[in-house]
Amino acid sequence: MTQYVFYFLSFLAILSALMVVFSKNPIHSVLYLVLTFFAIAGHYVLLNAQFLAVVHIVVYAGAIMVLFLYVLMLLNLNVDAEPVKKNWVKFAGVLSGGLLMLTLVATFHKAETMPLIQDNPEIGVTANLGKILFNEFALPFEISSVLLLSAMIGAIMLSKKDTKK
Amino acid sequence: MGTLQAIPLNHYILVSVILFSIGVMGVLLRRNAIIIFMCIELMLNAVNLLMVAFSAHHGDGSGQVFVFFIMAVAAAEVAVGLSILIMMHRNTNTTDVGFLNKLKF
């Protein structure tokens, strides 16, 4: 049963990722990317990482994609105004992406993955992750809050109108 | 737990590699800066998925905490990047990355 769910979610994620790249309208790209994120959240649930699944949906589908949609509609980019690339540039892009995929698959498909060391289904629940986060990773956690603050100030400074000129 | 044993780790590697390559392909193919941003998000998510898979298979929660940090950095990156994009659109009236070629030698 879980295998079928896994294959369905993988198929959904890959298909909608392809649609992100190949759809003409940027709004459609954003919506397909939301679909990809939901499929990845489903993968997290399958991997017993419930906390990350919820955070993924809240942060990505809830915050980041809404920001993308806001910018798209603010700049009125939902019309297709993208100039067409030359055919050989498209071919080169697909070829190099395909070659990268081929190389990575050929590298990893014979990889000896380690057997399960410790089969603990409780690892992804919020309590355990919180213990790890606030014991071992307390300093990076605080630094990331500074990062978010500086990103917020930087975004405001960048998008403010220049009144001096 | 039957969930982990039912799906080998190799399959997760395969899915992540395919998603990552699609992201790379999108960055190379598209010229709209917003789509390029979305493809970068796609690549970040492929890596996140692989990291969670490894973390669950090894019974170590540190990988999932690391994914949490990656999400925080991605949120900051998107906020700054989109404001740069708004500035770019305000100054050049386009989001075509081919238009900004002043740094090209």
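These figures come from a predicted structure and were not determined experimentally. Numbered from 1 within each chain, the chains take letters A, B, ... in sequence-line order.
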Point to revise | Check: B:Ser62/B:Asp60 side-chain N/O donor and acceptor closer than 3.5 Å | key: yes
**Study point:** Part of A:Leu95 lying under 4.5 Å from any heavy atom of chain B
**Key:** neither
Review point. Heavy-atom distance under 4.5 Å to chain A: side chain of B:Met38, backbone, both or neither?
Key: both
Revision key, fill the gap. Whatever's closer than 4.5 Å to a heavy atom in chain A on B:Val73 counts as both
Check your understanding: Among A:Phe37, A:Phe22, A:Phe68, A:Tyr7, which residue forms the greatest number of heavy-atom pairs with chain B at distances under 4.5 Å?
Key -> A:Phe68
Review point. What part of B:Phe20 gets closer than 4.5 Å to chain A, counting heavy atoms only: side chain, backbone, both or neither?
Key: side chain
Check your understanding: Top residue by heavy-atom pair count (under 4.5 Å) with chain A, among B:Ile86, B:Leu82, B:Leu14?
Key -> B:Leu82
Point to revise | Transitive ILVMFWY side-chain link A:Leu158 to A:Leu67, under 4.5 Å | key: no
**Study point:** Residue A:Leu33 versus chain B: region with a heavy atom under 4.5 Å
**Key:** side chain
Point to revise | Greater than 12 external heavy atoms within 6.0 Å of A:Phe51's CZ | key: yes
Exercise for review: Heavy-atom distances under 4.5 Å only: say whether A:Lys131 touches chain B with side chain, backbone, both or neither.
Suggested key: neither
Practice item. Give, as side chain, backbone, both or neither, the part of A:Thr36 having an atom under 4.5 angstrom from any heavy atom of chain B. Key: side chain
Check your understanding: Between B:Ser83 and B:Val80, is there a donor-acceptor pair closer than 3.5 Å when you use the side chain of the first and the backbone of the second?
Key -> yes
Exercise for review: Give a yes or no on this: more than 12 heavy atoms of other residues, nucleotides or ligands lie within 6.0 Å of atom CZ of B:Phe69.
Suggested key: yes
Check your understanding: Do A:Ser150 side-chain atoms and A:Val146 backbone N/O form a donor-acceptor pair below 3.5 Å?
Key -> yes
Check your understanding: Does any non-hydrogen side-chain atom of A:Leu69 lie less than 4.5 Å from one of A:Met65?
Key -> no
Review point. What about A:Phe11 and B:Val15, same hydrophobic cluster or not, with Ile/Leu/Val/Met/Phe/Trp/Tyr joined at side-chain heavy-atom distances under 4.5 Å?
Key: no
Exercise for review: Working to the nearest 0.5 Å, report the span between CG of B:Leu19 and CE of A:Met101.
Suggested key: 10.5 Å
Review point. Of the listed residues (B:His11, B:Met87, B:Glu77), which shares the most heavy-atom pairs with chain A below a 4.5 Å separation?
Key: B:His11
Study note, to complete from the structure: Given A:Val89, A:Ile64, A:Leu100, the one with more heavy-atom pairs under 4.5 angstrom with chain B than any other is A:Ile64
Revision key, fill the gap. Turns out that what part of B:Phe68 lies under 4.5 Å from chain A's heavy atoms comes down to both
Exercise for review: Determine whether the side chains of A:His56 and B:Asn45 contain a donor N or O and an acceptor N or O closer than 3.5 Å.
Suggested key: yes
Revision key, fill the gap. Ranked by heavy-atom pairs below 4.5 Å to chain B, first place among A:Val30, A:Val5, A:Val20 goes to A:Val30
Review point. B:Tyr12 and A:Phe6: aromatic ring centres closer than 6.0 Å?
Key: yes
Check your understanding: In terms of heavy-atom pairs under 4.5 Å with chain A, which of B:Val27, B:Leu85, B:Val78 leads?
Key -> B:Val78
Revision key, fill the gap. When the 4.5 angstrom heavy-atom criterion is applied to A:Tyr60 and chain B, the contacting part is side chain
Review point. Where on B:Ile22 is there a heavy atom nearer than 4.5 Å to chain A: the side chain, the backbone, both, or neither?
Key: both
Point to revise | Side chain, backbone, both or neither of A:Ser23 within contact of chain B (heavy atoms, under 4.5 Å) | key: backbone
Review point. Checking A:Ala17 against chain B: side chain, backbone, both or neither under 4.5 Å from a heavy atom?
Key: both
